[in-house]
Amino acid sequence: MVYEQHDGPTVIDTAAGSGDGIRKCPSCGSSDIQLDIPSGMLVCHFCRHAWSTPLATEAFHLDTPIGDLRGRVIGSGSQNIVPGTDQVVSFKCAACGAEISIDTNHAMQARCPWCRNTLSINEQMPNGAVPDVVLPFSLPKDAAVERIGAFVKKRRFFANRRFIREFSPENVLGVYLPYMIVDVNANLTFEGEGEHTTRTYTVSVGKDETERRFDYDVYRVGRRFSLHVDDLTLESASDKRDQDASRNTNNIINSIMPFDTKNAVVYDANYLAGFSSQRRDVDVDALYEPAAMQTEDIGRYRSLDTISFYDRGVRWDRRDVEIMGERWIAAYLPVWLYSYQEEKSGGRKLLHYIAVNGRTGETMGSVPLNMTRLWVFTGIAEVLGVIAAGLSALILW
Ligand SMILES: [Zn+2]
Ligand SMILES: [Zn+2]
């Protein structure tokens with residue numbers, strides 16, 4: 001179905017007071033600041049002062065009732081990317097005046113080579129690199145290494161030998177991946193046909209034979225309800241949305257959801273120090289249809305509660321999703337990512353990931369297989385299956 005897009009968005013300013021340059025420790029003025037994972041706070045390396053940016057929900061009033069949402073509302077960090085905007089951003093170091101460049105595809109900070117201050121990109125620009133909010137890592141690296149090790153250990157037997165030889169989980173990388181966090185206020189109308197059993201009985205057909213019969217009523221069924229979807233998370237990097245299973249295993253990254261998005265804080269590049277990041281390159285317009293489709297799926301699932309009377313099922317012939325309001329917030333979410341490029345026969349390459357949710361520790365991955373072992377053992381299992389089936393057939397006779 002075609003979902004109609006809303007006009008020009010209402011913009012929540014999430015950039016107030018941010019500017020590129022040096023973000024100093026409020027206590028001593030040092031720019032040597034890093035996320036302390038156990039506490040979730042930014043900590044100054046110089047004086048150990050600790051602080052954090054406010055919860056985004058409170059700072060940007062993102063908790064107003066979803067039922068009140070009308071039209072399209074977006075954070076100022078979720079605006080459309082202007083084609084041709086530079087990915088490499090240059091600006092003057094606020095301390096010494098040197099010209100510094102940062103490649104925003106992977107990093108949002110750099111150290112000034114002249115004065116050693118850490119320079120941060122915080123100002124929102126139309127290249128998608130600065131989001132509205134960030135959910136800081138809370139799972140330390142050693143915990144991620146341990147989970148990845150355990151994941152591979154369980155699959156070691158069928159894994160590709162070369163992969164096992166080269167496996168080094170300490171090479172895991174902490175990456176902030178770009179997502180859109182979406183609230184949807186929708187009205188759904190479903191219409192169709194449902195069947196309810198009124199009687200079941202057994203009749204004789206011929207000599208010594210019986211048959212189960214059912215009487216049932218057929219109803220026209222309609223449901224109209226409003227649905228409030230809170231914090232749908234959609235990937236907003238096009239290479240991660242590419243679900244071609246012959247080239248990559250991106251579905252892995254989707255399977256470590258959900259994230260506790262309610263704990264996201266106001267963006268500050270200092271949360272990214274020591275981590276990598278990937279720039280958003282997909283706009284709200286392009287994610288609207290996937291969001292609407294997921295809204296419809298959730299609606300279909302929730303409608304099940306209201307149709308239990310139709311014990312033989314309901315077939316919806318018409319499903320209308322009217323989106324009354326939507327709210328979009330661009331976020332960086334934390335993922336520990338171990339990647340491995342498998343070289344297949346014929347020069348084909350397949351990128352494998354083992355991903356660990358940087359908040360919950362949920363782990364999922366793909367491991368290249370040793371096909372010979374797999375075939376041999378599936379073969380044996382099938383033979384055993386045939387033997388077992390033969391045995392039970394013998395016993396039955
Ligand atoms: Zn300090
Ligand atoms: Zn400098």
Side-chain angles (χ1 to χ4, degrees), residues 13-60 76-77 85-144 173-176 178 263-280 331-334 336 358-359:
D13 183 8
T14 61
S18 68
D20 294 341
I22 304 173
R23 274 284 169 98
K24 291 182 170 165
C25 162
S27 174
C28 76
S30 159
S31 67
D32 235 334
I33 300 160
Q34 199 163 12
L35 168 70
D36 172 56
I37 290 181
S39 68
M41 309 274 267
L42 294 173
V43 173
C44 168
H45 277 165
F46 193 70
C47 73
R48 308 306 299 168
H49 176 67
W51 72 100
S52 60
T53 59
L55 275 180
T57 306
E58 287 166 18
F60 306 139
S76 50
T85 310
D86 282 342
Q87 314 312 332
V88 178
V89 175
S90 304
F91 59 99
K92 266 191 169 42
C93 169
C96 72
E99 191 80 19
I100 307 296
S101 300
I102 299 181
D103 178 359
T104 58
N105 285 315
H106 312 288
M108 300 305 283
Q109 286 193 319
R111 205 181 258 280
C112 170
W114 310 106
C115 71
R116 309 296 297 157
N117 269 304
T118 302
L119 307 173
S120 302
I121 294 185
N122 285 311
E123 193 170 349
Q124 291 170 355
M125 54 197 141
N127 73 358
V130 178
D132 298 301
V133 305
V134 57
L135 184 63
F137 277 87
S138 66
L139 185 86
K141 181 178 176 178
D142 49 357
L173 206 62
V175 190
Y176 282 99
N263 291 317
V265 296
V266 172
Y267 178 76
D268 182 322
N270 280 319
Y271 285 106
L272 277 54
F275 297 103
S276 181
S277 60
Q278 185 175 9
R279 190 176 59 83
R280 168 176 72 89
Y332 273 146
L333 301 183
W336 290 107
R359 301 285 297 187

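For ligands, and for the atoms within them, numbers begin at 1 and follow the listed sequence.
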request  = Using a cut-off of 2.8 Å, count how many protein N, O or S atoms are strictly closer to the Zn ion (ligand 1).
outcome  = 4
note = Report for the Zn ion (ligand 2), protein N, O or S closer than 2.8 Å, by chain and number, lists C93 SG, C96 SG, C112 SG, C115 SG
query = Is there side-chain contact between H45 and S30, with heavy atoms separated by less than 4.5 Å?
reply = no
key: Pairwise side-chain contact, Y267 with D132, heavy-atom cut-off 4.5 Å (strictly under)   = no
ask   = Can you tell me how far the OG atom of S52 sits from the CG atom of D36, to the nearest 0.5 Å?
value = 11.5 Å
inquiry  = Any non-hydrogen side-chain atom of W336 less than 4.5 Å from a side-chain atom of P140?
reply    = no
ask   = Salt bridge or not for R111 and D32, using N-O below 4.0 Å?
value = yes
S277 side chain vs H106 backbone, donor-acceptor pair below 3.5 Å = yes
task = Flag the pair C44 / W51 as yes when at least one side-chain heavy-atom distance between them is below 4.5 Å, and no otherwise.
result = yes
message = Which heavy atom of Q109 sits nearest to which heavy atom of S120, and what is that distance?
response = NE2-OG, 2.9 Å
message = Test your reading of the model: is there a side-chain donor-acceptor pair from S76 to the backbone of T14, 3.5 Å cut-off?
response = yes
